[in-house]
Amino acid sequence: MRHEKYVDINEVVLEWFKTVRATKIPVSGAMIQHKAKELADPLGMEHFSSSNGWLDRFRIRNNITFLSLCGEAADVDPSLCEDWQERLPLLLAGYDDEDIFNMDETALFFRAFPI
């Protein structure tokens, strides 16, 4: 059984990854590689290379998958929307109900235009 060569950097990058994902920020492989290289320099790991092989082993070892994040549950912080509940009726006062659309619906109408 092989031992990890860069235990310190793996632990630091994993903690960074957990912190970033806890704030609902999507993380790509390139971001992990860049952050690993950035964190390796202060740790004195001059010969560390955040290669694709290192990334693959890091992902497998820590059960990290890269999936598309979608949905509206974590899109906006609820505290940012508190005053909008009061302001929105004032903004929509001059419009008919059938003229108000959700932004998710506008792409459907755009695609419905004839080419």
Side-chain angles (χ1 to χ4, degrees):
M1 185 171 181
R2 293 175 56 185
H3 297 284
E4 292 182 50
K5 190 173 183 180
Y6 298 106
V7 177
D8 295 337
I9 191 66
N10 289 338
E11 290 175 359
V12 173
V13 172
L14 182 60
E15 285 303 313
W16 170 81
F17 178 79
K18 288 178 182 179
T19 303
V20 171
R21 285 300 301 134
T23 60
K24 308 283 191 230
I25 297 174
V27 179
S28 68
M31 289 173 67
I32 293 174
Q33 287 175 308
H34 178 75
K35 192 64 174 182
K37 187 62 178 164
E38 187 177 288
L39 294 172
D41 292 336
L43 292 174
M45 298 180 182
E46 300 161 357
H47 302 292
F48 174 75
S49 173
S50 58
S51 63
N52 289 338
W54 173 84
L55 177 64
D56 289 338
R57 289 187 302 277
F58 179 78
R59 285 181 47 232
I60 291 168
R61 189 170 31 251
N62 296 299
N63 197 23
I64 295 172
T65 57
F66 297 124
L67 302 172
S68 296
L69 300 177
C70 59
E72 298 180 11
D75 287 347
V76 179
D77 183 15
S79 64
L80 298 175
C81 300
E82 291 174 359
D83 64 10
W84 275 96
Q85 292 176 349
E86 298 167 4
R87 292 178 52 196
L88 188 60
L90 299 173
L91 293 171
L92 300 177
Y95 298 97
D96 292 331
D97 288 341
E98 61 262 3
D99 293 333
I100 301 171
F101 301 100
N102 185 345
M103 286 304 294
D104 293 342
E105 298 168 349
T106 56
L108 298 175
F109 291 116
F110 175 76
R111 290 179 184 250
F113 288 131
I115 296 177

Candidate pair Trp16 and Val27, rule side chain to side chain contact (heavy atoms under 4.5 Å, CB included), full reasoning
CA-CA 11 Å; Trp16 170 81; Val27 179; 4.1 Å; yes
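Closest approach of Ser50 to Lys37, counting heavy atoms only: OG-CB, 3.9 Å. Minimum heavy-atom separation, Leu43 to Leu39: CG-O, 3.5 Å.
By the rule that hydrophobic residues join a cluster once side-chain heavy atoms approach within less than 4.5 Å of another member, Tyr95 and Leu90 end up as members of separate clusters.
The line from CZ of Phe17 to CG of Leu14 is 8.0 Å long, rounded to the nearest 0.5 Å. If you take CD1 on Ile60 and CG on Leu55, they are separated by 9.5 Å, rounding to the nearest 0.5 Å.
At least one donor-acceptor pair under 3.5 Å links the side chain of Arg57 to the backbone N or O of Gly53. Side-chain atoms of Arg59 do not come within 3.5 Å of backbone N or O of Asn63 as any donor-acceptor pair.
A heavy-atom distance below 4.5 Å is found between the side chains of Val13 and Trp54.
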